[in-house]
Asker: 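Below you will find the structure I want to go over with you.
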Amino acid sequence: MPRRKRYLFVCVNERPHGTPKGSCATRGAVALHAALKQEIAARKLASTEVRACTSSCHDLCWAGPSIAISPDDIFYGRVTLADVPEIVDALAQGRVVERLVLPERDFDPATADPSLPEHPASTPAAIPEAK
Ligand code: FES
């Protein structure tokens, strides 16, 4: 496979719901990564233009879901599924979605904009009792 022009590293780190920092996974990052992969493939950009990878924590948990973009050296934050088409449009055109680029204040939880809400926790399946 050739080297792609860009690599997206979608943080999918997960912490339990309700922890102070929260996590990207509890704000929808796993589905976000899947949707990016699907949209990139549908537009036939996967082999040459961009690859969407998962990553662990970027230490931007309060601003998640976060995506590190290489080689642009920027981070998108508070990304939702609704942003996927615009992100992939921009990738196809070699652009950046400026409204999603985290400003310096978002790198410090004390000065960051408000976090997105966590998605509801899924109810664990009942574990059958041993007989
Ligand atoms: S959990 Fe995603 S940046 Fe920390």
Side-chain angles (χ1 to χ4, degrees):
M1 282 293 194
R3 180 177 179 146
R4 277 66 158 200
K5 293 179 182 166
R6 287 194 168 84
Y7 290 80
L8 308 183
F9 297 96
V10 182
C11 171
V12 293
N13 187 47
E14 182 167 15
R15 296 190 182 88
H17 279 71
T19 53
K21 284 206 288 193
S23 69
C24 292
T26 57
R27 295 188 174 105
V30 174
L32 177 65
H33 172 255
L36 281 166
K37 282 192 79 85
Q38 186 174 26
E39 189 73 17
I40 289 166
R43 298 197 200 190
K44 305 202 180 328
L45 300 172
S47 298
T48 57
E49 297 296 314
V50 62
R51 181 167 174 81
C53 311
T54 58
S55 84
S56 60
C57 181
H58 303 151
D59 201 17
L60 285 166
C61 322
W62 49 88
S66 67
I67 303 174
I69 303 178
S70 174
D72 302 273
D73 195 24
I74 56 173
F75 291 86
Y76 286 164
R78 299 178 188 82
V79 183
T80 71
L81 286 174
D83 298 319
V84 168
E86 186 178 356
I87 290 171
V88 179
D89 280 347
L91 288 164
Q93 297 164 11
R95 292 186 297 105
V96 165
V97 182
E98 295 293 343
R99 69 179 181 81
L100 295 175
V101 176
L102 291 175
E104 278 306 310
R105 68 178 180 277
D106 270 323
F107 287 76
D108 182 341
T111 57
D113 290 342
S115 301
L116 293 180
E118 291 187 303
H119 293 191
S122 58
T123 306
I127 299 170
E129 287 185 35
K131 296 186 178 182

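Model, not experiment: these values are computed from the prediction. Every heavy atom of this structure was used, including side-chain atoms; hydrogens, water molecules and symmetry mates were not. By convention here, the first residue in the shown sequence is residue 1. In each ligand, atom 1 is the first atom listed, and ligand 1 is the first ligand listed.
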Asker: Under the 3.5 angstrom rule, does the side chain of Tyr76 hit a backbone N or O of Val97 as a donor-acceptor pair?
Answerer: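 Indeed, once roles are kept as given, a pair shorter than 3.5 Å links the two residues.
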Asker: Checking only N/O/S atoms, does Cys11 have one that is under 2.8 Å from atom 2 (Fe) of ligand 1?
Answerer: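 Checking Cys11: at least one N, O or S atom is under 2.8 Å.
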Asker: With the threshold set at under 4.0 angstrom, would you say Arg15 reaches ligand 1 through any of its heavy atoms?
Answerer: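 Distance cut 4.0 Å: Arg15 passes for ligand 1.
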Asker: Is a donor on one side and an acceptor on the other found under 3.5 Å between the side chain of Arg27 and the backbone of Ser115?
Answerer: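 No; zero donor-acceptor contacts below 3.5 Å.
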Asker: Considering only heavy atoms of Ser66, which atoms of ligand 1 have at least one such atom less than 4.0 Å away?
Answerer: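 With Ser66 as reference, the close atoms of ligand 1 come out as 3 (S).
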Asker: Atoms of ligand 1 less than 4.0 Å from Asn13 heavy atoms?
Answerer: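 Answer, ordered by atom number: 1 (S).
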Asker: Could you tell me which atoms of ligand 1, counted from 1 in the order shown, lie closer than 4.0 angstrom to a heavy atom of Leu60?
Answerer: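 Listed by number with element: 3 (S).
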Asker: Check Lys5, Arg6, Arg95 against Asp72 for a salt bridge (charged side-chain N to carboxylate O under 4.0 Å, His left out) and give me the one that passes.
Answerer: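 Running salt bridge (charged side-chain N to carboxylate O under 4.0 Å, His left out) over Lys5, Arg6, Arg95 with Asp72 returns exactly one hit, Arg6.
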Asker: Examine distances only and state if a side-chain atom of His33 and a backbone atom of Ala52 form a donor-acceptor pair shorter than 3.5 Å.
Answerer: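 Between the backbone of Ala52 and the side chain of His33 there is a qualifying donor-acceptor contact (under 3.5 Å).
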Asker: Please check this pair: side chain of Arg15 against backbone of Gly22, looking for a donor-acceptor N/O pair closer than 3.5 Å.
Answerer: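 Between the backbone of Gly22 and the side chain of Arg15 there is a qualifying donor-acceptor contact (under 3.5 Å).
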Asker: Please compare Ala29, Cys57, Gly64, Ser56 and report which has the shortest non-hydrogen distance to atom 4 (Fe) of ligand 1.
Answerer: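 The residue whose heavy atom sits nearest atom 4 (Fe) of ligand 1 is Cys57.
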Asker: Please lay out, stage by stage, how Leu91 and Leu8 fare under the test side chain to side chain contact (heavy atoms under 4.5 Å, CB included).
Answerer: CA-CA 10 Å; Leu91 288 164; Leu8 308 183; 3.9 Å; yes
Asker: Give a yes/no answer: is there an N/O/S atom of Cys24 under 2.8 Å from atom 2 (Fe) of ligand 1?
Answerer: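 Checking Cys24: at least one N, O or S atom is under 2.8 Å.
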